[in-house]
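Written out below as structure tokens is the structure these notes cover.
Heavy-atom basis, side chains included; hydrogens, waters and symmetry copies ignored. In what follows, chains carry the letters A, B, and so on, assigned in the order in which the sequence lines appear, proteins first and then strands, with residues in each chain numbered from 1.
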There are 2 protein chains.
Amino acid sequence: MSKNKDVLGEEQSGPLMADVARLAGVAISTVSRALANPGRVNEKTRQKIDAAAKQLGYTPNAMARGLRVGKSNIIMIVLPGSLYYGASQVIPQVLQSINKSLIQGGYNLMIANLDRDEASERHILDLAFGGTVRGAIILSSKLPEVDGRSLASAGLPIVSMLLDMSEVGLPSVVTNDREAIREATNDLLGLGHRRFLYLAGPQENYHDVERFAGVIEALRGAGLPESAVVRSGGRLDYQQGFNIGLEAADDFGALGDKPTAVIATSDDMAISFMSRIQSMGLKIPEDLSIVSFDGSPVCAFCSPPLSTIEQPMEEMGQTAVALLLSAIDRSDKPRQLRNVIRSRLIVRASMATPKA
Amino acid sequence: MSKNKDVLGEEQSGPLMADVARLAGVAISTVSRALANPGRVNEKTRQKIDAAAKQLGYTPNAMARGLRVGKSNIIMIVLPGSLYYGASQVIPQVLQSINKSLIQGGYNLMIANLDRDEASERHILDLAFGGTVRGAIILSSKLPEVDGRSLASAGLPIVSMLLDMSEVGLPSVVTNDREAIREATNDLLGLGHRRFLYLAGPQENYHDVERFAGVIEALRGAGLPESAVVRSGGRLDYQQGFNIGLEAADDFGALGDKPTAVIATSDDMAISFMSRIQSMGLKIPEDLSIVSFDGSPVCAFCSPPLSTIEQPMEEMGQTAVALLLSAIDRSDKPRQLRNVIRSRLIVRASMATPKA
DNA sequence: TTGTACGCGTTATCAC
DNA sequence: GTGATAACGCGTACAA
């Protein structure tokens with residue numbers, strides 16, 4: 001029985017299963033079955049029930065169902081605050097891709113921000129332990145852990161995206177950063193470059209390690225020493241990639257033996273770096289070649305157009321969701337924890353043969 | 001009693017209120033009170049209960065509470081698919097700002113995509129009528145409506161953001177688009193520009209109308225006819241702002257009496273437009289001045305740096321949440337439906353006096 | 001195939 | 001101030 005009261009100011013509550021049952025002339029449980037397992041009910045009664053439900057505009061109550069079956073249909077995505085910064089377009093792409101895949105599977109997406117304060121950790125843990133969410137996709141290297149509660153021990157399926165956490169047992173969807181940047185470096189070597197500047201991200205994290213390793217591997221392959229690359233950036237307190245690029249440009253100006261090619265770990269850094277470098281009178285790519293990471297659409301419209309390594313966010317999101325849902329449905333462990341999605345170098349005019 | 005079974009493969013379920021009650025030696029209802037209304041319980045027993053809860057790592061079940069009190073603590077944000085495109089950085093900023101404000105109020109944020117298909121509408125309606133969400137913030141001009149169910153009649157507090165929907169009774173948080181673009185146009189007039197190109201957004205929507213009106217108002221103020229501005233863009237099927245800019249640049253090339261200033265309704269359009277215009281041999285700002293909308297950080301690093309009208313997304317998000325929560329708590333109507341947050345023109349080198 | 005009865009975990013209403 | 005008890009709306013054994 002709908003609790004609708006005609007008194008204004010009262011909470012409205014839509015039609016209940018009981019209302020549908022009464023209108024269709026059947027028991028509540030029959031309605032329940034007709035809606036959930038349409039197969040286990042007489043075709044004729046099912047039609048009666050469907051008609052009644054439609055007539056009343058009935059919508060099942062998700063919380064009541066969730067409580068009863070002991071499961072929610074909400075997945076949370078854990079976003080570190082630092083990811084929000086910059087032009088990388090990563091967040092919208094990831095969210096749209098993941099949400100789309102989730103909805104097809106009957107799930108909803110909830111956002112959880114993981115900042116550096118304990119409150120945000122506690123909040124995420126409440127979501128996990130309070131039964132609000134059924135699984136999590138994390139884009140953070142650190143799992144929330146407060147007061148003995150830990151996201152890892154919440155009994156919740158978790159999939160890591162962007163960061164490889166297969167070593168701690170989490171299914172992970174990552175790109176082949178190291179390989180991609182190695183190939184990009186090889187391209188630069190092939191053009192004749194012998195001295196490099198590497199713009200590190202804000203943290204000594206997985207990506208930084210992998211990407212720098214890719215550069216080193218390429219150098220080794222060409223018989224060059226590690227000293228052929230100079231590191232810049234990597235400041236923990238800089239979240240805006242743009243700032244890193246500016247600082248790095250200043251660093252570059254102060255450098256003695258100048259590199260002829262720059263490898264940036266994000267498009268933001270590359271864009272602001274290039275801007276300042278050009279205002280210092282240097283020409284791209286004549287004086288300096290640049291390649292970066294992220295694949296932001298805006299790179300195509302820089303002057304000169306910027307070479308960048310595109311990360312297939314759409315596919316990563318789909319894969320992450322697929323892994324998560326399979327972990328939820330059949331609780332079997334995935335065959336391989338580490339799932340690599342290949343990224344792709346988009347070559348543009350910012351790379352050329354060195355002048356001297 | 002926690003249903004933990006030591007059998008592997010069984011669903012884990014954390015400690016219940018009953019477990020806390022037993023450990024503290026009190027009744028379940030007392031635990032409930034101690035946690036919800038700490039004032040209405042003896043200080044000493046409250047401490048016992050808190051200790052027991054902490055020891056067990058108890059987290060209240062959100063669905064059970066929601067079912068009982070008939071309210072959820074989830075807010076949904078309705079994002080139109082078209083908003084995801086481009087470099088405008090609008091989505092991440094909005095999400096972060098809104099989520100932060102919501103969490104402070106004890107709410108969580110759920111994402112709902114509104115595409116052009118009926119399925120996405122139905123999905124949003126299920127969320128609303130199924131009791132999953134307690135309120136909605138919409139960034140879409142159209143409210144989902146399928147099979148007689150309509151989001152407007154879901155009995156759910158709704159706040160519109162970016163788009164002014166005060167005319168249909170929805171509290172709205174908008175920027176002063178028209179005024180801001182009028183002032184920007186005035187600045188261009190002051191520099192000596194008399195002929196303009198206006199790059200319209202993908203739809204004849206609220207923003208387009210407002211912004212174009214701002215241009216016209218400025219022209220009128222200067223005694224110029226409406227024909228002083230040429231419209232370009234505004235194609236419905238183009239979602240990527242970058243493409244609009246490219247098309248518009250081609251349109252510009254074919255134009256007879258060439259404008260000397262461009263007003264773009266998004267940074268994406270302006271960036272790609274400028275890129276192609278420059279590759280056609282024209283110089284910015286000598287041959288053509290440009291100003292655009294969005295305030296993307298990347299504009300500062302274009303060549304030349306791009307003047308843009310910054311929309312204070314952070315403040316808009318906070319205001320939207322404040323409106324929504326006040327509508328939830330005290331169900332009184334807000335004094336004013338239309339809430340205007342002032343945007344701000346950031347002047348950069350892309351604007352100058354016309355050559356001829 | 002359909003109906004009856006109970007329980008999911010919590011909060012609110014009542015007595016005590 | 002505290003404890004027993006009845007809901008909240010739905011799913012699912014079990015019986016019919």
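If you measure from atom CG of B:Leu67 to atom P of D:dA6, you get 17 Å, rounded to the nearest angstrom. For B:Asn73 and C:dT11, the CG to P distance is 12 Å, given to the nearest whole Å. Taking atom CG of residue B:Leu35 and atom P of nucleotide D:dG1, one finds them 18 Å apart after rounding to whole Å. Atoms CE (B:Met63) and C1' (C:dT11) sit 16 Å apart, rounded to a whole Å. We find that NZ of B:Lys71 is positioned 16 Å from C1' of D:dG9, with the value rounded to whole Å. Following rounding to the nearest Å, A:Gln47 (CD) and C:dT2 (C1') show an atom-to-atom distance of 17 Å.
In this model, the phosphate group of C:dT1 is not approached by any side-chain N or O of A:Thr45 to a distance below 4.0 Å at OP1 or OP2.
Applying side-chain contact (heavy atoms from CB on, under 4.5 Å) to A:Met76 and the options A:Asn108, A:Val133, A:Thr132, A:Leu109 leaves one that passes, A:Val133.
In summary, A:Asp50 and A:Lys54 do not engage in a salt bridge, as defined by a charged side-chain N under 4.0 Å from a carboxylate O.
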Audit row: A:Leu324, A:Tyr107, side chain to side chain contact (heavy atoms under 4.5 Å, CB included) steps and yes/no: CA-CA 11 Å; A:Leu324 187 64; A:Tyr107 289 88; over 6 Å; no
Would you check, one step at a time, whether the test side chain to side chain contact (heavy atoms under 4.5 Å, CB included) holds for B:Lys100 with B:Val321? CA-CA 10 Å; B:Lys100 191 174 173 189; B:Val321 170; over 6 Å; no
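Annotation for B:Leu163 and B:Ser140: closest pair CD2-C, 3.6 Å, computed over non-hydrogen atoms.
Side-chain atoms of A:Asn113 and A:His123 include no donor-acceptor pair closer than 3.5 Å.
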Taking N or O atoms only and anything under 3.5 Å, show me the protein contacts with nucleotides 10-14 of chain D, one pair per line.
unit_1, atom_1, unit_2, atom_2, d
D:dC10, OP1, A:Tyr58, OH, 2.6
D:dC10, OP1, A:Asn61, N, 3.3
D:dC10, OP2, A:Met17, N, 2.9
D:dG11, OP1, A:Arg65, NE, 2.6
D:dG11, OP1, A:Arg65, NH2, 3.0
D:dG11, OP2, A:Ser32, OG, 2.9
D:dG11, N2, A:Arg68, NH1, 2.4
D:dG11, N3, A:Arg68, NH1, 2.2

